[in-house]
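For reference, the structure discussed in these notes is given below.
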Protein chains: 2
Amino acid sequence: MKKEDRLRESKAIVNELLVDIFNRILAIEGENLKSRGVKLSMSEIHVLEAITKVKEPTMTNIAKKLGITVGSLTVSVNTLYQKGFVSRERDVEDRRKVVVGVLPKAEEVLEKHNDFHNEMINSIFNDLKIEEDELLISSLKKLSSYFINSF
Amino acid sequence: MKKEDRLRESKAIVNELLVDIFNRILAIEGENLKSRGVKLSMSEIHVLEAITKVKEPTMTNIAKKLGITVGSLTVSVNTLYQKGFVSRERDVEDRRKVVVGVLPKAEEVLEKHNDFHNEMINSIFNDLKIEEDELLISSLKKLSSYFINSF
DNA sequence: TAAAATATATTTGAAATTCAAAGTATTTGA
DNA sequence: TCAAATACTTTGAATTTCAAATATATTTTA
């Protein structure tokens with residue numbers, strides 16, 4: 001195969017990976033959670049995840065992490081609070097801020113979600129036998145940081 | 001670094017790539033289209049793309065490609081038809097089927113969308129200098145087919 | 001310090017997306 | 001032929017999200 005053709009093919013594969021495949025992951029995750037008896041939607045799961053990942057979990061910081069408006073987040077946190085998944089209190093230092101936290105009920109769900117991710121990743125690694133591929137890993141690391149920093 | 005730690009790190013990176021990053025691609029694409037004066041939503045773009053990609057573009061085939069119900073697709077095609085982006089006609093062989101096609105107005109939009117994808121991919125390849133990395137490409141190819149076939 | 005500007009969050013009304021269920025028309029096959 | 005299967009549309013409801021308006025608290029500035 002010619003060099004240009006290889007390059008073109010490579011680009012097509014990365015493009016496919018980034019677009020076609022990733023579109024399905026949400027649905028796959030959602031179905032998995034439903035099968036494990038979790039009643040929350042994926043977007044609610046994402047809110048819970050973001051709360052645990054962000055350093056100072058105020059409404060603004062969580063919304064930024066999620067890429068949604070603070071208004072949208074308020075709507076979502078309202079129902080999560082109602083259902084008993086999150087705590088919510090004013091910051092004592094700066095009373096404009098609301099600090100959100102996940103309650104045990106949420107941790108249970110997040111654990112299930114995390115289990116699924118681990119299974120998925122392990123299955124990929126086993127099937128593809130890529131654990132020893134240093135070059136792949138370092139390239140993926142670059143690819144990952146590229147997305148984090150570029151947009 | 002120990003072997004187990006390297007493995008753990010590798011898995012974390014793939015997980016991050018599959019989860020954190022893909023969540024943003026839709027929004028990134030949407031913003032880009034808006035900046036190019038395109039009035040359609042990403043979900044409408046996906047419908048148009050699916051129409052061009054599927055072999056026999058009937059409602060059922062297009063919906064299957066998209067992973068949505070035929071009812072949802074009908075709603076979307078209704079507005080795309082109204083706005084003059086797609087054609088719509090009964091199959092002469094089997095009059096239950098509706099064959100959908102993209103009109104010039106849609107091709108224009110798809111071209112812009114495609115331009116963006118190419119720019120994104122080219123910029124990744126240039127920055128990372130990975131075009132010669134055969135191993136990466138073959139692994140990504142496996143990763144890609146893994147997702148296509150496993151779910 | 002008091003007023004103005006800024007920052008944080010909530011509420012509300014509307015739009016978009018999607019689904020499930022019910023309904024219509026056409027084709028298939030027993 | 002006619003009952004079942006297939007292809008599609010319509011409808012009503014749920015979810016998600018946003019923008020704009022509103023409310024408070026804090027910081028800046030005049």
Side-chain angles (χ1 to χ4, degrees), chain A residues 23-24 26-27 29-31 33-34 38-51 54 56-83 85-101, chain B residues 23-24 26-31 33-34 38-51 54-83 85-101:
Chain A
N23 269 336
R24 301 175 200 235
L26 253 193
E29 291 185 312
E31 282 161 28
L33 280 174
K34 198 185 278 179
V38 174
K39 298 276 198 277
L40 299 178
S41 69
M42 278 313 296
S43 103
E44 288 175 310
I45 298 286
H46 283 153
V47 171
L48 296 178
E49 270 188 318
I51 293 168
V54 102
E56 199 201 4
T58 61
M59 294 300 288
T60 298
N61 288 341
I62 298 163
K64 199 167 292 168
K65 172 84 181 173
L66 288 166
I68 61 176
T69 63
V70 185
S72 300
L73 182 61
T74 297
V75 174
S76 178
V77 168
N78 281 348
T79 75
L80 286 170
Y81 179 77
Q82 262 258 305
K83 298 187 206 165
F85 286 91
V86 302
S87 63
R88 210 181 195 185
E89 47 193 28
R90 289 276 163 189
D91 187 323
V92 284
E93 310 272 309
D94 183 342
R95 299 188 42 70
R96 290 172 303 183
K97 296 179 180 174
V98 167
V99 180
V100 186
Chain B
N23 266 336
R24 301 173 199 238
L26 256 192
I28 294 166
E29 290 185 314
E31 281 160 28
L33 280 175
K34 199 187 275 180
V38 174
K39 298 277 198 278
L40 298 179
S41 69
M42 279 312 297
S43 102
E44 289 174 311
I45 298 287
H46 284 152
V47 172
L48 296 179
E49 271 188 317
I51 294 168
V54 104
K55 344 87 224 156
E56 201 201 2
T58 61
M59 293 301 286
T60 297
N61 289 339
I62 297 163
K64 198 166 293 171
K65 173 84 181 173
L66 288 167
I68 62 177
T69 62
V70 184
S72 301
L73 182 61
T74 298
V75 175
S76 178
V77 168
N78 281 348
T79 74
L80 287 170
Y81 179 77
Q82 262 260 304
K83 298 187 207 164
F85 286 91
V86 302
S87 62
R88 210 181 194 183
E89 47 193 29
R90 289 277 163 187
D91 187 324
V92 284
E93 310 272 309
D94 183 342
R95 298 189 43 71
R96 290 172 303 180
K97 295 181 181 173
V98 168
V99 180
V100 186

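Chain A is the first sequence line, chain B the second, and so forth, proteins listed ahead of strands; every chain is numbered from 1.
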Whole angstroms only, please: what is the [atom1]-[atom2] distance between [X] and [N]?
| X | N | atom1 | atom2 | answer |
| --- | --- | --- | --- | --- |
| A:Tyr81 | C:dT11 | OH | P | 12 Å |
| B:Glu31 | D:dC18 | CD | C1' | 14 Å |
| A:Met59 | D:dA23 | CE | P | 19 Å |
| B:Asp91 | C:dT28 | CG | P | 11 Å |
| A:Leu80 | C:dA9 | CG | P | 16 Å |
| B:Ile68 | D:dT9 | CD1 | P | 12 Å |
| A:Lys39 | D:dT15 | NZ | C1' | 17 Å |
| B:Lys64 | D:dT6 | NZ | P | 11 Å |

Hey, what do you get for [atom1] ([X]) to [atom2] ([Y]), rounding to the nearest 0.5 Å?
| X | Y | atom1 | atom2 | result |
| --- | --- | --- | --- | --- |
| B:Lys64 | B:Thr60 | NZ | OG1 | 6.5 Å |
| B:Leu40 | B:Leu33 | CG | CG | 8.5 Å |
| A:Lys97 | A:Glu56 | NZ | CD | 4.0 Å |
| A:Ile51 | A:Asn61 | CD1 | CG | 12.0 Å |
| B:Met59 | B:Thr69 | CE | OG1 | 9.5 Å |

Phosphate-side-chain proximity, [X] and [N], N/O vs OP1/OP2 below 4.0 Å:
| X | N | answer |
| --- | --- | --- |
| B:Asn78 | D:dT10 | yes |
| A:Ser72 | D:dC18 | yes |
| B:Arg90 | D:dT9 | no |
| B:Thr69 | C:dC19 | yes |
| B:Thr60 | D:dT6 | no |

Determine the contact category for [X]: base if any of its heavy atoms lies under 4.0 Å from a base atom, sugar-phosphate if only primed atoms, P, OP1 or OP2 are that close, otherwise nothing.
| X | result |
| --- | --- |
| B:Ser43 | sugar-phosphate |
| B:Val70 | base |
| A:Ser76 | nothing |

Nearest listed nucleotide, side chain of [X], among [options]:
| X | options | result |
| --- | --- | --- |
| B:Thr58 | C:dT10, D:dA5, D:dC8 | D:dC8 |
| B:Val75 | C:dT10, C:dC19, C:dT27 | C:dC19 |
| A:Arg96 | C:dA9, D:dT9, C:dA7 | C:dA7 |

**Message:** Given 3.5 Å as the limit, does a donor-acceptor pair link the side chain of A:Arg90 with the main chain of A:Arg96, or not?
**Reply:** yes
**Message:** Nearest heavy atom decides the nucleotide; on that basis, is B:Leu73 or A:Glu44 closer to the 5' end of DNA chain D?
**Reply:** B:Leu73
**Asked** Considering heavy-atom distances to DNA chain D, does A:Gly71 or B:Thr74 have its closest nucleotide positioned more toward the 5' end?
**Response** B:Thr74
**Request:** Examine the base of C:dT26 for any acceptor or donor lying under 3.5 Å from a partner atom in the side chain of B:Arg95, and report the outcome as yes or no.
**Result:** no
**Request:** Sort out the partner of C:dA30 for me: Watson-Crick or G-U wobble, both distances under 3.5 Å, none otherwise.
**Result:** D:dT1
